[in-house]
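One structure is given here, and the rest of the page talks about it.
This structure is a prediction, so every number in the text was calculated from the model and none was measured. Chain letters run A, B, ... following the sequence lines, proteins first, then strands; residues in each count from 1.
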Amino acid sequence: MAPVDEQLSVLMWGTDFGDASTRQTMERELAELLEQDRPLRVYCGYDPTDVDLHIGHTITFRKLRQFQSFGHDVTFLIGNFTGLVGDPSDKDRTRPMLSPDQLAANSQTYAAQAFRILDPERTTVVHNADWLGKLSFAEVIALSSKFTVAQFLERDNFQLRWQRHEAIHLSEFMYALMQAYDAVEMETDVQIGGTDQLFNLLAGRTLQREAGQRPQVVITTPLLVGTDGTQKMSKSLGNFVAVNDVPNDMYGKVMSVPDSALDEYFTLLTDLNESEVRAVLDAVDAGEMPPMDAKKRLALEVTRSMYPDGEAEAAQSYFESTIQRSETPDEMEQFVLPSDGAEDSGRRLDRVLVAAGVAASGGEVRRLVKQGAVSINGTRTDDFATELQAGDEIKVGRHRFLRVVAAGSA
RNA sequence: GCAGGGGUGGGAGAGUGGUUAAUUCCAGCGGACUGUAAAUCCGCCGCCUAACGGCUACGCAGGUUCGAAUCCUGCCCCCUGCACCA
């Protein structure tokens, strides 16, 4: 295995423990584990609460992969049981509980998205319902006796809700317990998580100690700031870049991030190492590299880390031509016109845009046209009822394109 | 058990009989501008309709009224406090 120093410097980079002493403790314990010169059991859990992960989730994927690259054993845990309760950590109110069906459906897409980053050959996927679902009431009570209510109420999010006289469900207290028990069940050496998970991860140490195990090292990574550059990235805020975004979207969304987030994004979302990141940022600070170029490099690297060779470069070309130079892309979505014999209205602009999913309703098309958003073959149109011809290229807004084609020629 | 508060458009949250398709904010969309899909500014933002106009909508079901998100009745759901815990 690689020297301990080398592993330590990579593994501790891009982490955030909230306070210095926790960091020191964890760094020291991690060093001790690494000294044992054996594959460590590392895991990170994900609750399948939503179908789409965003690139903030890839921060932990990348950390896990760093462990993989050093030869450690990585477990990708799908929280199909914890997801039933809903993690209160990053919320100031109760999360809706999900049905088992929803969880099952979501679970399936999770691993696939994670393997954009992780090496599937060296990743074990487990589901915590396999053991959490089997605990008896008595066992749960035994676990809960290891913690006090005060410890939970001390957490910021609970305290806030308490002060605002908002509901805190008992089940929400159980969340940390369940996650902590995962660590006991798997006898893990290291657990990765976002900084919002620190409490839950540390609870794992408590239970492990009680169970006679060596407490796991916990490594927490920062929560990614969203594309607005200020608030935490989250789907509900709409400031996210999805793991499943196509390369063009991924590249473009990263380009919309403010310059102030360059450091964070480079550090947390690319494969560049510490000195490479420094080099780029220093060049920008010194005025040797325009921020625009640095951000393009960022968008390229982020996209490249998740897509096969060439896709990121293609996305960059698309961005430069379509967005920066406002050119019409070579490839665009196609819409097959109804055949000539059909009802005449099917070829109308408004009908076509609704049928193609570009607009939600006829009223929206009328609005778009009225606002000057729709061009046909490069010319703005003010008639939403125009009959379209095969071969027409329609542009809606700044970056939505549609080519209509005759039936049978798609 | 007792007392109180509340369920409104994707989200938050106004509105207590007509002037309310419903203030405002966020998200979304469009335009202008720009190194950017950023920021900023302006505009739009239920569905159908070429248009006139029509339809649907404020937890559910009824009712009062010329007219209800707004009043009444019943029901469902949510929250908070107190009490209980000897």
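- Geometrically, Arg23(A) does not engage Phe17(A) in a cation-pi contact, judged by NZ or CZ lying under 6.0 Å from the ring centre and within 45° of the ring axis.
- In terms of position along RNA chain B, the nucleotide closest to Ile323(A) lies nearer the 5' end than the nucleotide closest to the other residue of the pair Ala385(A) and Ile323(A).
- Summary of the strand contacts: Met255(A) and Phe384(A) both lie near RNA chain B, and taking for each the nucleotide with the nearest heavy atom, the more 5' one is attributed to Met255(A).
- A donor-acceptor contact under 3.5 Å is formed by the side chain of Gln371(A) with the base of rG43(B).
- Close to rG30(B), at under 4.0 Å from its OP1 or OP2, lies a side-chain N or O of Arg400(A).
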| task | Take Tyr110(A) and Tyr46(A) through the test ring pair (Phe, Tyr, Trp, His ring centres under 6.0 Å) and record every step on the way to the result. | result | CA-CA 8 Å; Tyr110(A) 266 50; Tyr46(A) 302 88; 7.2 Å; no
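- Using a 4.0 Å cut-off, no side-chain N or O of Thr227(A) falls inside it from OP1 or OP2 of rA37(B).
- Under the Watson-Crick or G-U wobble criterion, with both distances below 3.5 Å, rU73(B) is paired with rA61(B).
- Look at Arg366(A) and you'll find a side-chain N or O under 4.0 angstrom from OP1 or OP2 of rU49(B).
- Note on Arg325(A): nothing from the nucleic acid sits closer than 4.0 angstrom, heavy atoms only.
- In this structure, Arg116(A) forms no cation-pi arrangement with Phe61(A), as its terminal cationic atom is not both closer than 6.0 Å to the ring centre and no more than 45° off the ring axis.
- Within the nucleic acid shown, Asp293(A) has no heavy atom closer than 4.0 Å to any nucleic acid atom.
- Annotation: cation-pi geometry satisfied between Lys253(A) and Phe240(A) (NZ/CZ under 6.0 angstrom from ring centroid, within 45° of ring axis).
- An OP1 or OP2 oxygen of rC47(B) is reached within less than 4.0 angstrom by a side-chain nitrogen or oxygen of Ser361(A).
- Straight-line distance between the P atoms of rC85(B) and rU80(B): roughly 22 Å, to the nearest whole Å.
- The phosphate of rC44(B) has neither OP1 nor OP2 within less than 4.0 Å of any side-chain N or O from Arg367(A).
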